[in-house]
Amino acid sequence: MSQDILFIAIEDVSAQRFGCWGSPIGKTPCIDRLTSEGLRFELTNSMVPVCNPSRTSLMTCLRPVTTGVFGNGHDWRAMAPGKQTMAEYLVKQGYETIRIGKILHATYEHEPSWSRVISTSDGLPPVERPMIPGHGPGLDYAERKIEARKQGKDIP
């Protein structure tokens, strides 16, 4: 009997923005339902506050001190030769691995990790509302928090 694995890595957003982690303002019914039916990690931290070392650590299951990757300009493949990613391991076990979005991408793409890569040019629906520089969920939240503090209130 085979088991399916759905692994979602989200960058630049804290778990506290989702309803399933207690956000009173986050309306995330699909993620909430998914986490209620699966495994949700409660105590996770980024090893390094920089993209590439964090992704390298997540995908290789190795700490930055082990790989030597501490910056975005470090090629993890050259610094940790012979190391495989979780996805590559799963491919070798007969799983189909599909990447949508970025994890090990661009300069640091790792083809042996993926059975298939789906890009935004592969028929995914377009973004409904384009992001405008200086605007977005994070900025909107920060503005609401500042306004609430002026009124002597606080929002999580």
Side-chain angles (χ1 to χ4, degrees), residues 1-23 26 28-142 156:
M1 177 171 77
S2 69
Q3 293 288 326
D4 291 332
I5 300 168
L6 175 62
F7 180 78
I8 300 174
I10 301 172
E11 181 178 62
D12 294 335
V13 67
S14 65
Q16 294 78 19
R17 300 294 184 254
F18 297 94
C20 58
W21 275 280
S23 173
T28 54
C30 294
I31 291 289
D32 297 350
R33 187 178 73 245
L34 183 64
T35 58
S36 73
E37 296 171 2
L39 177 64
R40 180 183 69 179
F41 295 97
E42 294 286 338
L43 298 172
T44 61
N45 294 289
S46 176
M47 291 285 201
V48 178
V50 182
C51 302
N52 184 44
S54 293
R55 291 178 183 154
T56 298
S57 180
L58 178 69
M59 294 303 291
T60 63
C61 304
L62 298 170
R63 299 179 316 157
V65 72
T66 303
T67 63
V69 177
F70 288 98
N72 285 338
H74 297 155
D75 185 344
W76 72 272
R77 296 164 303 181
M79 298 182 81
K83 302 300 182 191
Q84 67 181 354
T85 67
M86 279 191 301
E88 183 180 6
Y89 174 81
L90 291 171
V91 165
K92 290 178 179 177
Q93 303 307 308
Y95 282 86
E96 179 182 23
T97 60
I98 302 171
R99 175 175 68 79
I100 302 173
K102 59 183 190 176
I103 190 78
L104 298 172
H105 65 101
T107 304
Y108 308 119
E109 179 60 86
H110 189 247
E111 291 183 18
S113 291
W114 313 113
S115 306
R116 184 165 46 133
V117 174
I118 298 175
S119 69
T120 54
S121 61
D122 290 339
L124 294 174
V127 176
E128 291 179 20
R129 178 176 58 92
M131 291 300 290
I132 301 166
H135 292 81
L139 185 59
D140 295 343
Y141 172 77

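Pairs passing the salt bridge (charged side-chain N to carboxylate O under 4.0 Å, His left out) check and including a residue from residues 70-79, sequence neighbours excluded, read D75-R77.
Taking every heavy atom of both residues into account, W76 and Y108 meet most closely at NE1-O, 3.5 Å. Looking at every heavy atom in both residues, I31 comes nearest to C20 through CG2-SG, 4.0 Å.
Partners of A80 according to the side chain to side chain contact (heavy atoms under 4.5 Å, CB included) rule, which considers only residues two or more places apart in sequence or in another chain, are T67, K83. Annotation: side chain to side chain donor-acceptor pair (under 3.5 Å) contacts of N72 (sequence neighbours excluded): none. Shown here are the side chain to side chain donor-acceptor pair (under 3.5 Å) partners of S54, two or more places apart in sequence or in another chain: S46. Contacts of Q93 classified as side chain to side chain contact (heavy atoms under 4.5 Å, CB included), with partners at least two apart in sequence or in another chain: Y89, Y95. The salt bridge (charged side-chain N to carboxylate O under 4.0 Å, His left out) test applied to E111 returns no partner, not counting sequence neighbours. The ring pair (Phe, Tyr, Trp, His ring centres under 6.0 Å) check on H74 picks up nothing, with sequence neighbours excluded. In this structure, E88 has no side chain to side chain donor-acceptor pair (under 3.5 Å) partners at least two apart in sequence or on a different chain. Under the side chain to side chain contact (heavy atoms under 4.5 Å, CB included) criterion, S57 pairs with M47, P64, sequence neighbours left out. K102 is linked by a salt bridge (charged side-chain N to carboxylate O under 4.0 Å, His left out) to E11, counting only residues two or more places apart in sequence or in another chain. In terms of the side chain to side chain contact (heavy atoms under 4.5 Å, CB included) criterion, residue partners of L6 (sequence neighbours excluded) are, by chain and number, I8, L34. Under the rule for a side chain to side chain donor-acceptor pair (under 3.5 Å), the partners of T28 that lie at least two apart in sequence or sit in another chain are D32.
Rounding to the nearest 0.5 Å places CH2 of W21 at 6.0 Å from OG1 of T35. The distance from atom CD1 of I5 to atom CD of E96, rounded to the nearest 0.5 Å, is 12.5 Å.
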Inset, instruction - For side chain to side chain contact (heavy atoms under 4.5 Å, CB included), just list the numbers for L58 and I103, CA-CA rounded to whole Å, side-chain angles, deciding distance to a tenth of an Å, and then say yes or no. - result: CA-CA 9 Å; L58 178 69; I103 190 78; 3.9 Å; yes
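Proximity of a side-chain donor or acceptor of T56 to a complementary backbone N or O of P53 within less than 3.5 Å is not detected. With hydrogens and angles ignored, the 3.5 Å screen pairs no side-chain donor or acceptor of T97 with any backbone N or O of V91. Proximity of a side-chain donor or acceptor of R99 to a complementary backbone N or O of G101 within less than 3.5 Å is detected.
Side-chain contact between M59 and H110 is absent, with no heavy-atom pair separated by less than 4.5 Å.
Side-chain atoms of T85 and T60 include no donor-acceptor pair closer than 3.5 Å.
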